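The structure under discussion appears below in the form of structure tokens.
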Amino acid sequence: KKEIPAAFRASAEIGPRSHLVAIMNKKKKPFLGMPAPLGYVPGLGRGATGFTTRSDIGPARDANDPVDDRHAPPGKRTVGDQMKKNQTADDDDEDLNDTNYDEFNGYAGSLFSSGPYEKDDEEADAIYAALDKRMDERRKERREQREKEEIEKYRMERPKIQQQFSDLKRKLAEVTEEEWLSIPEVGDARNKRQRNPRYEKLTPVPDSFFAKHLQSGENHTSVDPRQTQFGGLNTPYPGGLNTPYPGGMTPGLMTPGTGELDMRKIGQARNTLMDMRLSQVSDSVSGQTVVDPKGYLTDLNSMIPTHGGDINDIKKARLLLKSVRETNPHHPPAWIASARLEEVTGKLQVARNLIMKGTEMCPKLLMSSKLSVNEDVWLEAARLQPGDTAKAVVAQAHVPNSVRLWKAAVELEEPEDARIMLSRAVECCPTSVELWLALARLETYENARKVLNKARENIPTDRHIWITAAKLEEANGNTQMVEKIIDRAITSLRANGVQRNLHLWVQDAEECDKAGSVATCQAIMRAVIGIGIEEEDRKHTWMEDADSCVAHNALECARAIYAYALQVFPSKKSVWLRAAYFEKNHGTRESLEALLQRAVAHCPKAEVLWLMGAKSKWLAGDVPAARSILALAFQANPNSEEIWLAAVKLESENNEYERARRLLAKARSSAPTARVFMKSVKLEWVLGNIAAAQELCEEALKHYEDFPKLWMMKGQIEEQKELVEKAREAYNQGLKKCPHSIPLWLLLSRLEEKVGQLTRARAILEKSRLKNPKNPDLWLESVRLEYRAGLKNIANTLMAKALQECPNSGILWSEAIFLEARPQRKTKSVDALKKCEHDPHVLLAVAKLFWSERKITKAREWFHRTVKIDSDLGDAWAFFYKFELQHGTEEQQEEVRKRCENAEPRHGELWCDVSKDIENWQKKIGEILVLVAAKLKNTF
């Protein structure tokens, strides 16, 4: 119920609440023509009351007067107890203490809470509620707006825990199940006493108790025999406990003259006693000590078991295993488990005793009408025993036909003894391939051949014996026998009903390759490569097998597969090409050139094979041989554009510019193409003959006006001469003929931006996006244009539109990552990886992000991943090389440079800016890499 304000409290105390209604409505007369309210007593407000007789109020007695039952027990009284109850009830109803009083709201409780809730009370409450609602609505909008702003400001200054750890939550998606399970559980960090509290009552003993008993001790006047042993009357206790008088006495451990306990001397005496006990263990004759006093406690610590289990769990396990042993004493796993439990807990001797008892309890089991000792118990016993004892244990087993026990016995012997033991073992176990092969390895060449022949007689169905025989012949130089042995193996196994499994044979060949038995490996592959393959699937299957061998690092197996495939398909260009690439990546230059000579003999029309051969000779420095190969290629492929251009490049790279000019002139007359004209223009341009280059360009555009690179070269030549209008005209003419050439649009836009025409550049890019929708390069240039102009908000808006139109563009996502503020970059990179998981630009951006955060190991890992996915992206190599220059060693820098030279990248925005610069036309890949890395800046 609402409390009445202080302005109305006085009238409320004088009259009933009906006057409040009259005050709210002044036009209305307060009482004329109105019925009296309920409970109205005339004159009560001014103190005029009616007459009251004694019959109305009862007998003349004060309320506090005692009654006749005033001596009744408590609870039976009628007046006193009733008054106390009423007083307590009144106190509970309202608290009119000054501490609960407020000047505006009044008392905390209602003054009229004890009175009846009447109609006028309800009307007054409704009026007050209406007033409160009206006042609240007047300020509601402004208050809510202010609260919203305050909350936003607070959240900016103090973000929620959820927002602060949003990037870490995303990382949880990368956590594997094994990593999650390896997170330790949060255990109870309290010690055992705190976890299991015991309410023990400890009563400290007073010092007077010790003093009393010390004083009551008897005095001894006899000399201790130890005193004579340690030199007269001096006791071995240092620190004030020496007896200076003959026959003197020391009253216990008390300080002379006092009955107080000297705790320091007690500690010294304890240490001295420990020294004395250790010295008693020493040998007094030789002076040698049986126990090392300094390492004594260390040895004690080493005896503590290192297991991580609870002692109660160990006791339970020991009890359970004991029950199993007693229930079934012939059950070997029970004895083995018991021994291993004791071994884990550090009781090695107990474990040995248990397992030896196990060999006695379950020595023999009747299996297949033969007596066979249980091997597991004996093997465990041999494992737990030291060397010589282990040999005795194995010998005690008496199991001539157990291969596992023979192997255990052989492993314990020296090579010569092992050979003798294996000779006996193969007699007892003639069907064990492992024993035969082990014996063959220990024998000489002649004896090994005899052993393997016996093994083939005893086990005619195992291929490993044949393979070992082939490896033996290869190791001793008889490579001509290897092929015969493998062929005889295939025939013999087929005759004995062994099914030929290509997968198993390939695995054996790969093992031979890794062991260095090349001839055996190649012989196996030649013998089994055609097993179970349909004729139409041979080429596809063999190429897959070769790739699988390369992935397993079995290079000789892959080489054998390619050699066999080339025998079957000598005129297949694709097989020759794959074999050539294999030799290029994994072979030597000589093997590559030999293969290419055979390749062009079988496929003379394959231009790429000729070019690979010429390039290999050129890289080796043999330019005349490269020229001769290209001459032969001309004879086989007259008027081939690729061979013409390769010959031109060979001459220009070796500074034979006149030869290159004559070749290009000859090519323009005999095999005129747009690329031939373009190379002609570029040669004159890089040599400084600008007029000749322009003349050739104009001639070329008459024939090939739809070739955009000619228009680009024309505009760039004019731009180099600083003729902006002519350059603009060339680009515009080119765009009319080639409206879908993205580089032309970019060149024109950058030209306008260079001369300060930002609006025109923006319009050109918008027009290009209309003609070439969903093109990420144009969107990227638009974003960068605004960013270079300082309009970051517009750049962000354009980037959002670009990602909507090209959601899977890696180059846009990589730029978007670094447009964000540093705290948001990691989140953006996660989104980019979701959209473009295998895009090299996104992987490169992530590597740069780790680099900026100084996470060197992760950055290097992501750089490796980037160049592996796309080795043709020059920008990735440049950033990788720059990274290694700052954080890597010289070996790592050299490795990146060599890998880049082998990959020969040709693309990348930053890479092409340097590699296609006229001044760098003769630079090698390694030199371009250094130049691009020098231009990079760590501005991310």
Side-chain angles (χ1 to χ4, degrees), residues 148-175 753 758 762 765 776-863 865-866 875-876 878-880 882-883 886-887 908-910 935-940:
K148 185 178 179 182
E149 292 175 357
E150 289 177 355
I151 291 174
E152 290 178 354
K153 183 179 179 182
Y154 181 80
R155 288 301 176 207
M156 288 178 64
E157 294 176 355
R158 300 179 183 178
K160 292 182 179 179
I161 299 295
Q162 180 182 3
Q163 296 173 350
Q164 292 179 1
F165 291 93
S166 59
D167 56 337
L168 297 178
K169 284 186 178 180
R170 289 175 182 268
K171 279 189 177 180
L172 288 176
E174 304 172 5
V175 178
E753 184 185 4
L758 188 63
R762 190 180 289 121
L765 289 173
D777 294 318
L778 295 174
W779 277 108
L780 180 63
E781 185 64 22
S782 301
V783 172
R784 288 179 176 173
L785 177 68
E786 304 298 342
Y787 195 82
R788 288 193 294 265
L791 304 173
K792 295 183 179 180
N793 292 333
I794 299 177
N796 287 324
T797 305
L798 278 174
M799 179 58 75
K801 292 181 181 178
L803 290 175
Q804 286 180 351
E805 192 167 327
C806 309
N808 298 318
S809 170
I811 196 169
L812 285 176
W813 277 107
S814 63
E815 188 75 14
I817 290 173
F818 291 99
L819 281 180
E820 296 287 340
R822 282 189 179 273
Q824 281 78 41
R825 286 180 183 177
K826 190 175 292 185
T827 304
K828 199 73 172 181
S829 66
V830 173
D831 297 336
L833 287 171
K834 287 180 180 178
K835 290 287 185 181
C836 317
E837 185 178 0
H838 302 294
D839 191 280
H841 295 92
V842 174
L843 298 180
L844 178 60
V846 174
K848 289 157 61 179
L849 183 62
F850 283 125
W851 183 7
S852 66
E853 295 177 353
R854 308 288 294 178
K855 296 179 179 178
I856 306 304
T857 306
K858 283 191 175 182
R860 183 176 286 113
E861 178 186 341
W862 281 87
F863 275 124
R865 197 176 300 179
T866 305
D875 291 1
F879 275 107
F880 195 5
K882 178 82 171 182
F883 170 79
Q886 292 184 1
H887 304 287
E909 182 182 6
L910 301 172
K935 290 180 65 176
L936 297 177
K937 296 179 181 179
N938 296 17
T939 54
F940 45 83

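All figures in this text were calculated on a predicted structure; none of them were measured in a lab.
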If you draw a 6.0 Å radius around CD in Glu837, do more than 12 non-hydrogen atoms from other residues or ligands fall strictly inside? no

Considering non-hydrogen atoms only, spot the tightest contact between Ile817 and Ser829 and give its length. CD1-CA, 3.7 Å

Under 4.5 Å between any side-chain heavy atoms of Leu785 and Leu791, yes or no? no

In Å, rounded to the nearest 0.5 Å, how long is the span from CG of Leu765 to CG of Leu780? 10.5 Å

Could you check whether any side-chain N or O of Trp813 sits under 3.5 Å from a backbone N or O of Lys828, counting only pairs where one atom can act as donor and the other as acceptor? no

Return the minimal non-hydrogen interatomic distance between Thr827 and Arg170, and the atom names on each side. CG2-NE, 3.3 Å

Side-chain heavy-atom pair Leu844, Phe863 within 4.5 angstrom cut-off: yes

What closest approach, in Å, do Phe818 and Leu849 show between heavy atoms, and which atom pair accounts for it? CZ-N, 4.0 Å

Partner set under side-chain contact (heavy atoms from CB on, under 4.5 Å) for His887, not counting sequence neighbours: Trp851, Arg854, Ile856, Phe883

So do Arg822 and Arg825 actually touch side chain to side chain, heavy atoms under 4.5 Å? yes

Ion pair check, Glu909 and Arg784, cut-off under 4.0 Å: yes

Locate the shortest heavy-atom distance separating Ala845 from Ser814; write the atom from each residue and the value. CB-CB, 3.7 Å

Non-hydrogen atoms of Ala876 and Thr866 that approach each other most closely: CB-CG2, 3.8 Å

For Glu861, the salt bridge (charged side-chain N to carboxylate O under 4.0 Å, His left out) test, sequence neighbours excluded, returns Arg865

Nearest heavy-atom neighbours spanning Ala859 and Ala847: CB-O, 3.7 Å

List in chain and number order the residues that pass side-chain hydrogen bond (donor to acceptor under 3.5 Å, both in side chains) with Gln824, two or more places apart in sequence or in another chain; answer none if no residue qualifies. none

For Pro776, run the side-chain contact (heavy atoms from CB on, under 4.5 Å) check against Asn808, Ile811, Leu803 and tell me which one passes. Ile811

Sorted by chain and residue number, the side-chain hydrogen bond (donor to acceptor under 3.5 Å, both in side chains) partners of Glu781 (sequence neighbours excluded) come out as Arg750, Arg788

Can you list the residues that meet the salt bridge (charged side-chain N to carboxylate O under 4.0 Å, His left out) rule with Lys882, with sequence neighbours excluded? none

When rounded to the nearest 0.5 Å, the distance separating CZ of Arg762 from CD of Glu786 is 4.0 Å

Lys/Arg-Asp/Glu bridge criterion (N-O < 4.0 Å) met for Asp875, Lys848: no

Going by the rule salt bridge (charged side-chain N to carboxylate O under 4.0 Å, His left out), which residues pair with Lys855 if we only count those two or more places apart in sequence or in a different chain? Glu853

Check: Met799 and Trp779 side chains under 4.5 Å, non-hydrogen atoms: no

How many angstroms lie between atom CD of Glu150 and atom CD of Glu152, to the nearest 0.5 angstrom? 11.0 Å

